[in-house]
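To start, the structure under review is shown below, and the notes come after it.
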Amino acid sequence: MNQLQSLRGMVDILPEQTQLWQAVELVAREQLQCAGFKEIRTPLLEVTDLFSRSIGEQTDVVGKEMYTFSDRGDRSCTLRPEGTASVVRAALEHGLLKQGPQRLWYGGPMFRYERPQAGRQRQFHQIGVECFGMNSPRCDVEVISIAWDLLDSLGLNDLALELNSLGSSEDRNRYRNKLVEWFQDRYEELDVDSQQRLQNNPLRILDSKDPKTQSLLREAPVLEEYLCNESSERFLAVQDSLKALQIPFKINPRLVRGLDYYSHTAFEITSKHLGSQATVCGGGRYDGLVEQLGGSATSGIGWAIGMERLMILLGDSISGPTSPDVYFINRGEEAQIKALVLARKLRAASMKVELDGSGASFAKQFKRADRCGAAWAMVLGDDEVSTGQVRIKKLHSHKDSSEKIEFLASANDLDRLLALLRD
RNA sequence: GCGGGCGUCGCCAAGUGGUUAAGGCAGCGGCUUGUGGCGCCGCUAUUCGGGGGUUCGAAUCCCCUCGCUCGCCCCA
């Protein structure tokens, strides 16, 4: 292929699509604002260490999916594979966490070197939130409800909320030891991937899809039974609050999530219309992360929505590009300049005006006016220049009779013109 | 990273070894340089993702490569 093309897994978002993106972004921004969130923007590029230390050396993301390279100063840099680590870093770096609880949101591209497929790209977009210093299980539920309501208000039904508790890090350590011990006796029965995971990241065995491993898991120790009292009370409190908000959920004891920093509440919002990439939104609590990155112990919770997956679900439910209010037909030396001036005035009054720049025949320009779906055609030619008029004509009226409306286009009449066009 | 399917114009496609690669939509030009929508006419792929091979002859068969897609892994 001689033609230059985008890198694998890097996708252009074309004008036809950006309309939908903007609409979604607008709704998200409004809702997050209503919930007291403030936007934070962090660099796309960070020191590699940030991700390996927060996400975990043994995770797939860090192990094989990062875009990592050395810059000219020989620093190891990585294109962010997710948002949380950067937000924590920025919050620490600028002392945000010393100023009380923080509700932050972010959006933008993330990068993971994976094999692309439906709902998965190498550059993809997330919109996410991170809260700091909010401890109560009710905060978990508030945060979940914000994601749930956002998706709901975009018209998505048919979603499922899956919930689990990973307990405190002590709980998890105890459980991990038990699990490793239990599986070591049954090592030969495990699938190859899970044998590998037994070394690196034993909890990951829980969401193995291998049938044999799955049936083994039915008898294996269950994480829930290793939660200390405090942890399981917390888990129950989360469930109670969800019920109070009447948000339906399903407990999934095998929901582990691939990033090491999660603790206690972990959740995913999934759709069955997404093939094997079912998760539209994933998140959870990460109480140890801030400390792990050098801050003082601060609780954290957040989620991220995958924009591309959201777009798949939205499909073509929202209409395409909007057509202009006015298509401005103009022809002749002086007329074209007058049209330029008038178009600018109309735009200043928030009219969507498409100015024909071709100087082609009136018939031709009318044809374009019609095709672009404009509500009105406005005409300015030599005749209009001499009389100081413009003509407007309602398009798509299906009447053959001429509907030319004539009037003066002096500055004083601009309001009258606008009133007619807005009709 | 591993396995399956696919790749003909901007889009949807016919064609499965034999003279100039259908058709539809969109686009452009004309009939109509002061009036669009309808109609009619014309134009738009020296070439079938790219490269190599087999053959008198390849979009059609073989190999390699790139891309897309689906599944696995994992995640948003």
Side-chain angles (χ1 to χ4, degrees), chain A residues 1-11 14 16 55 58-65 81-84 107-128 147 151 191-194 196-197 201 204 207-210 255-259 268-271 274-283 302-313 327 329-332 335 356 358-374 376-384 391-404:
Chain A
M1 177 65 81
N2 239 350
Q3 257 295 319
L4 253 27
Q5 51 184 260
S6 72
L7 284 166
R8 173 162 229 213
M10 306 280 169
V11 176
L14 298 172
E16 202 179 44
I55 298 169
Q58 297 305 332
T59 59
D60 283 22
V61 170
V62 172
K64 54 184 200 194
E65 295 172 3
E82 57 104 43
T84 304
M110 308 292 164
F111 303 84
R112 288 183 203 172
Y113 195 91
E114 292 185 271
R115 182 111 181 228
Q117 57 180 268
R120 171 183 299 162
Q121 297 165 191
R122 289 183 174 180
Q123 176 177 337
F124 62 102
H125 296 78
Q126 291 186 333
I127 187 158
L151 295 171
D191 61 284
V192 184
D193 284 335
S194 292
Q196 197 61 243
R197 284 187 283 223
N201 202 340
R204 298 243 52 119
D207 56 12
S208 166
K209 278 164 196 154
D210 183 83
L255 176 62
V256 181
R257 306 193 50 74
L259 282 47
E268 285 184 4
I269 298 175
T270 59
S271 165
L274 283 173
S276 61
Q277 274 66 243
T279 307
V280 221
C281 174
W303 49 251
I305 287 176
M307 291 293 280
E308 281 79 3
R309 292 184 187 174
L310 190 53
M311 297 303 156
I312 292 171
L313 292 176
Y327 192 91
I329 293 165
N330 59 108
R331 183 170 157 80
D356 195 301
S358 68
S361 72
F362 286 96
K364 188 132 301 166
Q365 295 193 43
F366 261 100
K367 199 168 270 187
R368 290 195 199 114
D370 188 62
R371 292 217 180 126
C372 77
W376 293 91
M378 195 150 93
V379 185
L380 211 164
D382 294 337
D383 297 355
E384 286 76 16
R391 295 166 190 251
I392 62 174
K393 182 174 183 179
K394 190 136 185 95
L395 266 2
H396 312 290
S397 57
H398 295 284
K399 282 185 217 149
D400 230 20
S401 62
S402 95
E403 292 199 44
K404 299 167 198 165

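Convention: sequence-line order gives letters A, B, ...; per-chain numbering from 1.
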Could you work out the separation of [N] and [M] based on their [atom1] atoms and round it to a whole Å?
N	M	atom1	value
B:rU60	B:rG18	C1'	12 Å
B:rA21	B:rG3	P	38 Å
B:rC61	B:rU16	C1'	10 Å
B:rG29	B:rU44	P	15 Å
B:rG5	B:rC63	P	12 Å
B:rC12	B:rU8	C1'	12 Å
B:rC11	B:rG52	C1'	31 Å
B:rU47	B:rU20	P	14 Å

Per [X] side chain, nearest of listed nucleotides [options]:
X	options	answer
A:Thr279	B:rG34, B:rA76, B:rU33	B:rA76
A:Ala363	B:rA76, B:rG36, B:rG34	B:rG36
A:Arg112	B:rC73, B:rU35, B:rA76	B:rA76

What is the base-pairing partner of B:rG71, counting Watson-Crick and G-U wobble geometry with both distances under 3.5 Å?
->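 B:rC2 is the nucleotide pairing with B:rG71.
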Would you mind pulling out the nucleotide paired to B:rG29, Watson-Crick or G-U wobble, both distances under 3.5 Å?
->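 Pairing partner: B:rC41.
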Does A:Lys393 count as lying over the ring of A:Trp376, i.e. NZ or CZ under 6.0 Å from the six-ring centre, within 45 degrees of the axis?
->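 Cation-pi check for A:Lys393 and A:Trp376: fails.
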Treating [X] as the side-chain partner and [Y] as the backbone partner, does any N or O pair qualify as donor plus acceptor under 3.5 Å?
X	Y	value
A:Arg331	A:Gly381	no
A:Arg309	A:Val280	no
A:Glu308	A:His125	yes

Would you please name every residue forming a side chain to side chain donor-acceptor pair (under 3.5 Å) with A:Asp356, sequence neighbours left out?
->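 Side chain to side chain donor-acceptor pair (under 3.5 Å) check on A:Asp356 returns A:Tyr327, A:Ser358, A:Arg368.
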Grab the [atom1]-[atom2] distance between [X] and [N] for me, whole Å please.
X	N	atom1	atom2	value
A:Trp376	B:rG36	CH2	C1'	15 Å
A:Arg122	B:rC68	CZ	C1'	13 Å
A:Asp383	B:rU35	CG	C1'	12 Å
A:Tyr327	B:rU35	OH	C1'	13 Å
A:Leu7	B:rG67	CG	P	9 Å
A:Arg371	B:rU35	CZ	P	17 Å
A:Ile329	B:rG36	CD1	P	10 Å
A:Lys64	B:rC73	NZ	P	11 Å

At a cut-off of 3.5 Å, list every protein nitrogen or oxygen paired with a nitrogen or oxygen from nucleotides 69-72 of chain B, distance to 0.1 Å.
{"unit_1": "B:rU69", "atom_1": "O4", "unit_2": "A:Arg115", "atom_2": "NH2", "d": "3.4"}
{"unit_1": "B:rC70", "atom_1": "OP2", "unit_2": "A:Ala118", "atom_2": "N", "d": "2.4"}
{"unit_1": "B:rG71", "atom_1": "OP2", "unit_2": "A:Gln117", "atom_2": "OE1", "d": "3.4"}
{"unit_1": "B:rC72", "atom_1": "OP2", "unit_2": "A:Ser276", "atom_2": "OG", "d": "3.1"}
{"unit_1": "B:rC72", "atom_1": "N4", "unit_2": "A:Gln117", "atom_2": "NE2", "d": "3.3"}

List for me each residue that meets salt bridge (Lys or Arg N to Asp or Glu O under 4.0 Å) alongside [X], sequence neighbours excluded, and say none if there are none.
X	result
A:Glu82	none
A:Glu65	none
A:Glu114	A:Arg120
A:Arg122	none

Sugar-phosphate, base or nothing in reach of [X], heavy atoms under 4.0 Å:
X	result
A:Val61	nothing
A:Gln123	nothing
A:Gln196	nothing
A:Ala304	sugar-phosphate
A:Gly381	base
A:Glu114	base
A:Arg331	base

Establish whether the base of B:rG34 is bridged to the side chain of A:Gln365 by a donor-acceptor pair shorter than 3.5 Å.
->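 Donor-acceptor pair under 3.5 Å: no.
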Considering only heavy atoms and no angle criterion, is a donor-acceptor pair shorter than 3.5 Å present between the side chain of A:Asp370 and the base of B:rG36?
->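 Between B:rG36 and A:Asp370, which were checked side chain against base, a qualifying N/O pair under 3.5 Å is present.
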Heavy-atom distance under 4.5 Å between the side chains of A:Leu151 and A:Leu310, does that happen here?
->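 Side-chain contact under 4.5 Å: yes.
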Nearest-nucleotide wise, let me know which of A:Met10 and A:Phe362 is further upstream toward the 5' end of RNA chain B.
->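 Of the two residues, A:Phe362 wins.
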Mapping A:Asp382 and A:Gly9 to their closest nucleotides on RNA chain B, which lands nearer the 5' end?
->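 By nearest-heavy-atom nucleotide position, the 5'-most residue is A:Asp382.
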